[in-house]
2 protein chains.
Amino acid sequence: MTPATPAAGSRGLPHPEPGQIRLEAVLHALADPVRLSIVRELAADGDEFACSHFDLPVTKSTTTHHFRVLREAGVVRQAYRGTAKMNSLRREELDRLFPGLLDCLLRAAAGQAVRLGDG
Amino acid sequence: MTPATPAAGSRGLPHPEPGQIRLEAVLHALADPVRLSIVRELAADGDEFACSHFDLPVTKSTTTHHFRVLREAGVVRQAYRGTAKMNSLRREELDRLFPGLLDCLLRAAAGQAVRLGDG
DNA sequence: CGTCTCGTACGATAGCCCTCGTACTACGAC
DNA sequence: GTCGTAGTACGAGGGCTATCGTACGAGACG
C-alpha cells in the first residue's frame, strides 16, 4: 500500500484525485467559518503554511479535524515536513474542475467581511 | 394566538433581506444534493415553480424542509399563489451580493454532472 | 356543501458534525 | 538518550440536520 507519493516524509496522507473531488463536499467544507478563514488565508498568502501558523479560535484537536475535512474534500494539499504539516491550496486542480469558482468564493467572502465591518 | 403578522388572511413567509444573507448559509444550503438540484432546476428554467413541480427523492415533509432552508438562506423567494407555493431564485440579489458566484456554482454543478455521466 | 390537492406542523429517529480533553506518536535539537 | 514541539487518535458530549409519518389547514372545483 502507500503507492508512490510520499517522497518527503514517512506518514502517508490520502488525498482525493481531481476526478474524485465532489462539489458538494467542497461547499460543505467551505460552509464552516473556521475552514473558510483557513482557505482565505491560504489564498491570500499564496504559499504553504504549517497548521500551527493559523490563529484559530479552536483547540489543536479541532484544528486537525478541520484540516482533514479540507484535505478530504480536495480543497487543500497536505504534506509533512519534519514535525510540521504544510498546507497549501489545490488551486490549479480546483480551477480546472470548477473554473472561476474559487475566485468568486474568495471575493464573496471578502465582500461579506467588508460589509460586516461596515456595520 | 398568532399575535404577529396578522395581515390579510394569507400566510406570511419570512425572507432575509440582502444585507442579512450570509455566505456560509448559502454554501451550507447548496451543499445538500437535493437542494442543489432544486436550485439548478430553478436556474435552468429561469421561472418560478410550485414545490410540487419538482420530482425529488424525498417525501412532502422533507421537501417543505429543504425549501425552507433555501428560503431562510436567501437563495430562493417563495410566495403563495392559491394553494401552490411558487419558488424562484433570488438571482439579482445574489448576483449583487456575490458577483459571479451563482453562475460559477451552476457551471461547476453542471460540469460535475457531466463528469459523472462520463464515468 | 363535500372533496381533492398542495403544503404545513409536529413529533420522533437516526446520523452527522463541531467541539473538547487526554493520551499518544513523530521528528528535531541538545 | 532526553526533552520539547507539532500534530494525531480516540472517545465523549451536545447540537444540528435529514428523513419520515401522521394529522392538520388553505384554496380550488364539483
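In this text, all values refer to a predicted model and were calculated from it rather than measured experimentally. Chain A is the first sequence line, chain B the second, and so forth, proteins listed ahead of strands; every chain is numbered from 1.
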What heavy-atom pair brings [X] and [Y] nearest, and what distance separates the two atoms?
| X | Y | value |
| --- | --- | --- |
| B/A109 | B/R40 | CB-CD, 3.6 Å |
| A/I21 | A/A73 | CG2-O, 3.5 Å |
| B/V75 | B/L89 | O-CD2, 3.5 Å |
| B/F54 | B/I38 | CE2-O, 3.9 Å |
| A/R77 | A/R90 | N-CG, 3.7 Å |

Tell me: [atom1] of [X] to [atom2] of [N], nearest whole Å?
| X | N | atom1 | atom2 | result |
| --- | --- | --- | --- | --- |
| B/R81 | C/dG7 | CZ | C1' | 17 Å |
| B/F67 | D/dT19 | CZ | C1' | 16 Å |
| A/L13 | C/dC27 | CG | P | 12 Å |
| B/Q78 | C/dG7 | CD | P | 10 Å |
| A/L56 | D/dG7 | CG | C1' | 14 Å |
| A/Y80 | C/dG28 | OH | C1' | 16 Å |
| A/F49 | D/dA6 | CZ | P | 16 Å |
| B/R68 | D/dT19 | CZ | C1' | 13 Å |

Would one find a side-chain N or O of [X] under 4.0 angstrom from OP1 or OP2 of [N]?
| X | N | result |
| --- | --- | --- |
| B/R35 | D/dA18 | yes |
| B/H66 | D/dT19 | yes |
| A/H65 | D/dA9 | no |
| B/S52 | C/dG7 | yes |
| B/T59 | D/dC20 | yes |

Got a donor-acceptor pair under 3.5 Å from the side chain of [X] to the base of [N]?
| X | N | result |
| --- | --- | --- |
| B/T64 | C/dA9 | no |
| A/T83 | C/dG28 | no |
| B/S61 | D/dT22 | yes |

Review point. Taking for each residue the nucleotide of DNA chain C with the nearest heavy atom, is it A/V69 or A/K60 whose nucleotide lies nearer the 5' end?
Key: A/V69
Exercise for review: Give one of base, sugar-phosphate or nothing for B/H28, where a contact means two heavy atoms less than 4.0 Å apart.
Suggested key: sugar-phosphate
